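Whatever order the structure lists them in is the order used to number ligands and atoms, beginning at 1. Since the structure is predicted, the reported quantities are computational estimates derived from the model, not experimental observations.
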Amino acid sequence: MKILVVASEVTPFAKTGGLADVAAALPKELRRMGHDVRVIMPFYGCVAVAGQTVRKARKSAEIELGGERYKGFLRQGTLGEVPVYLVEQRELFGRDHLYGTPEGDDPDNPRRFAFFCRSVLQFLKRMDFRPDVIHCHDWQSALIPIILRHEVGDDPFFARTATVFTIHNLAYQGLYPPSALTEMGVSPSLFTMELLEYFGRVNLMKGAILSADIVTTVSRTYCREIRTPEHGCGLEGVLERRSGDLHGILNGLDTDEWNPATDRRIFHTYSSRALAGKGGDKLALQRELGLSVSAAVPLIGMVGRIVEQKGIELVAALLPRFAAEELQLVILGTGDARYMELLERFRRRGMENVSINLGFKDPLAPKIYAGSDMFLMPSRFEPCGLSQLIALRYGAVPIVRRTGGLADTVIDVTDDPREGNGFSFADFAPDACWDAVRRALASYRDPGVWRKIVRRAMQKDVSWRNAAGQYEALYRSGIERKRGGKGG
Ligand code: ADP
């Protein structure tokens with residue numbers, strides 16, 4: 001199959017979260033399966049800074065949006081054997097961030113990502129690459145299924161192209177005032193309750209859910225949850241309407257990149273059979289972060305966006321208890337200003353056994369997964385979650401809230417002592433979270449029991465193989481449907 005993956009972030013070119021990992025690892029796995037897969041993303045200023053080699057291709061696109069003409073160019077890099085195209089448009093993407101700053105999103109995001117989506121379709125024609133499937137991710141590429149269903153009419157170039165739209169996080173929908181329609185070059189005739197209109201605003205995700213041939217999300221539990229008012233973020237009804245075409249496929253991990261046996265970013269490599277290196281990683285991490293160096297004290301890691309979704313209030317409420325307990329806590333993250341300020345205040349207090357690291361620090365993250373005994377992820381909701389998959393693979397036993405992808409990947413040791421690979425709790429409340437932490441600490445005290453839990457965690461299959469096979473099957477059904485003329 002010819003497959004185009006469209007995403008607003010792709011590791012290692014630009015990343016703010018799990019989407020970037022997915023948009024890199026899935027194409028690599030599909031390529032391994034023999035498909036002609038290519039990836040396209042914007043060329044942000046920070047891509048160049050990160051030192052990725054991307055050469056200029058001699059292709060340009062011109063698009064008029066909101067009365068202004070924008071010219072974009074194509075650059076090309078690679079991801080193993082997968083070509084990665086990057087859309088360069090200095091005015092819109094030449095910034096050192098992707099979507100905004102801690103103070104808020106860039107106000108011209110509708111224009112930026114409309115340019116991206118529209119230029120992708122132009123570039124496909126210029127390259128004469130006719131994909132069988134265009135796989136779009138999240139609101140930033142939502143306009144593509146909308147355009148293909150409602151704008152291009154019977155353009156023969158796209159007549160045989162099916163669209164798949166994946167929801168990585170329903171909380172970010174691309175919601176804008178109606179004036180954004182002009183900025184995105186979208187006809188007001190599409191601003192209806194049946195498509196883009198949502199309580200008087202433009203909702204890009206809604207439009208894509210209703211336009212794509214197939215809709216997916218990133219775990220089975222989240223796929224169920226988003227059809228309820230509690231997790232549907234107002235789109236539960238729209239999702240219910242597409243429930244026949246809505247599928248939950250659990251993300252995998254790029255197990256070449258995330259492999260403790262070969263990872264050069266960590267101090268010592270190790271495997272589930274030879275765990276000694278992991279002990280060394282813990283000591284080295286303690287040293288690097290200025291914690292007291294001790295093999296015995298349990299070390300809990302946490303890496304993630306500092307936002308409400310990740311349960312940061314629970315962590316903040318529990319910080320005094322963590323500080324008073326015989327353990328060490330290492331936090332790495334960046335995100336909303338108000339939570340960052342809160343953590344900064346705790347950091348300044350200088351708690352001896354808590355290390356708070358604010359910022360996006362790619363080199364530090366693997367060291368934390370490798371050096372931690374446990375990994376805390378008390379999310380309010382979690383579509384899939386990659387951090388707990390990385391933690392499992394690096395033998396940092398996850399302590400998670402039982403929601404979305406966390407519920408699908410972590411088996412509680414107390415519930416199932418033979419198969420358990422972590423600890424989980426149901427209520428979104430500090431005491432429930434603390435109870436799970438205490439249960440983990442109790443198991444840790446018995447080295448024989450603990451080693452078994454760590455091994456089971458590390459041996460869980462978190463690779464992409466299974467998921468890529470499921471996407472392949474969905475692509476085929478999308479193509480069949482498209483060619484059979486039965487739209488969604
Ligand atoms: P989300 O996509 O909701 O942010 P995921 O768990 O799916 O959460 O993916 C998060 C990814 O981003 C993981 O690979 C994690 O290690 C990485 N990450 C998150 N915050 C940071 C940070 N501050 N520094 C380095 N890596 C981070």
Would you say [atom1] of [X] has more than 12 non-hydrogen atoms from neighbouring residues, nucleotides or ligands within 6.0 angstrom?
X: K452; atom1: NZ; value: no
X: R227; atom1: CZ; value: yes
X: R465; atom1: CZ; value: no

**Study point:** Proximal candidate to atom 5 (P) of ligand 1 [heavy atom criterion; set L386, D21, T16]
**Key:**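 Nearest option to atom 5 (P) of ligand 1, by heavy atoms: L386.
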**Study point:** Among F360, F381, W258, closest by any non-hydrogen atom to atom 27 (C) of ligand 1
**Key:**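 Checking each option, the heavy atom nearest atom 27 (C) of ligand 1 is found in F360.
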Practice item. Please state whether the rings of H135 and Y475 are parallel, tilted or perpendicular, taking 30° and 60° as the class boundaries. Key: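 Correct class here is perpendicular.
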Practice item. Mind telling me whether F113 and Y44 have parallel, tilted or perpendicular rings, with 30° and 60° as the class edges? Key: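 Y44 and F113: tilted rings.
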Starting from [atom], which protein heavy atom do you reach first, and at what distance in Å?
atom: atom 24 (N) of ligand 1; result: K361 N, 3.0 Å
atom: atom 15 (C) of ligand 1; result: Y369 OH, 3.4 Å
atom: atom 8 (O) of ligand 1; result: K310 NZ, 3.1 Å

Taking distance alone, with no angle check, do [X] and ligand 1 share an N/O pair under 3.5 Å?
X: N169; value: no
X: D362; value: no
X: G18; value: yes

May I ask whether [X] has any heavy atom positioned less than 4.0 angstrom from an atom of ligand 1?
X: C384; result: no
X: G359; result: yes
X: H168; result: no

Check your understanding: Are any of the side-chain nitrogens in R347 or E344 under 4.0 Å away from the carboxylate oxygens of its partner?
Key ->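 Here R347 pairs with E344 in a salt bridge, since their nearest N and O are under 4.0 Å apart.
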Check your understanding: Is it true that R338 and D336 make a salt bridge, defined as a side-chain N closer than 4.0 Å to a carboxylate O?
Key ->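 Salt bridge flag = no for D336 with R338.
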Where on [X] is there a heavy atom closer than 4.0 Å to ligand 1, on the side chain, on the backbone, on both, or on neither?
X: I390; result: side chain
X: K15; result: side chain
X: Q388; result: neither

As an exercise, identify every atom of ligand 1 less than 4.0 angstrom from a heavy atom of [X].
X: G385; result: 6 (O), 7 (O)
X: G304; result: 19 (C), 20 (N)
X: V303; result: 16 (O), 18 (N), 21 (C), 27 (C)
X: S387; result: 6 (O), 10 (C), 13 (C), 15 (C)
X: G333; result: 23 (N)
X: R305; result: 1 (P), 3 (O), 4 (O)

Check your understanding: Can you list every ring pair (Phe, Tyr, Trp, His ring centres under 6.0 Å) pair that touches residues 358-388, not counting sequence neighbours?
Key ->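 As it turns out, the ring pair (Phe, Tyr, Trp, His ring centres under 6.0 Å) pairs with a partner in residues 358-388, which skip direct neighbours, are W258-Y369, Y369-F375.
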Check your understanding: Taking Y85 as the fixed residue, which of R38, R75, Q76 is the one that meets the side-chain hydrogen bond (donor to acceptor under 3.5 Å, both in side chains) rule?
Key ->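 The single option meeting the side-chain hydrogen bond (donor to acceptor under 3.5 Å, both in side chains) with Y85 is R38.
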Practice item. Give me the one residue out of Q328, R287, Q286, E352 that meets side chain to side chain contact (heavy atoms under 4.5 Å, CB included) with S292. Key: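 When Q328, R287, Q286, E352 are each tested with S292, the side chain to side chain contact (heavy atoms under 4.5 Å, CB included) holds only for Q328.
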Review point. Given side chains that start at C-beta, do those of V400 and F425 come closer than 4.5 Å, heavy atoms only?
Key: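 They are not in side-chain contact.
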Practice item. With E382 as reference, evaluate R305, R401, K310 under the salt bridge (Lys or Arg N to Asp or Glu O under 4.0 Å) test and give the passing residue. Key: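 Filter result, single survivor: K310.
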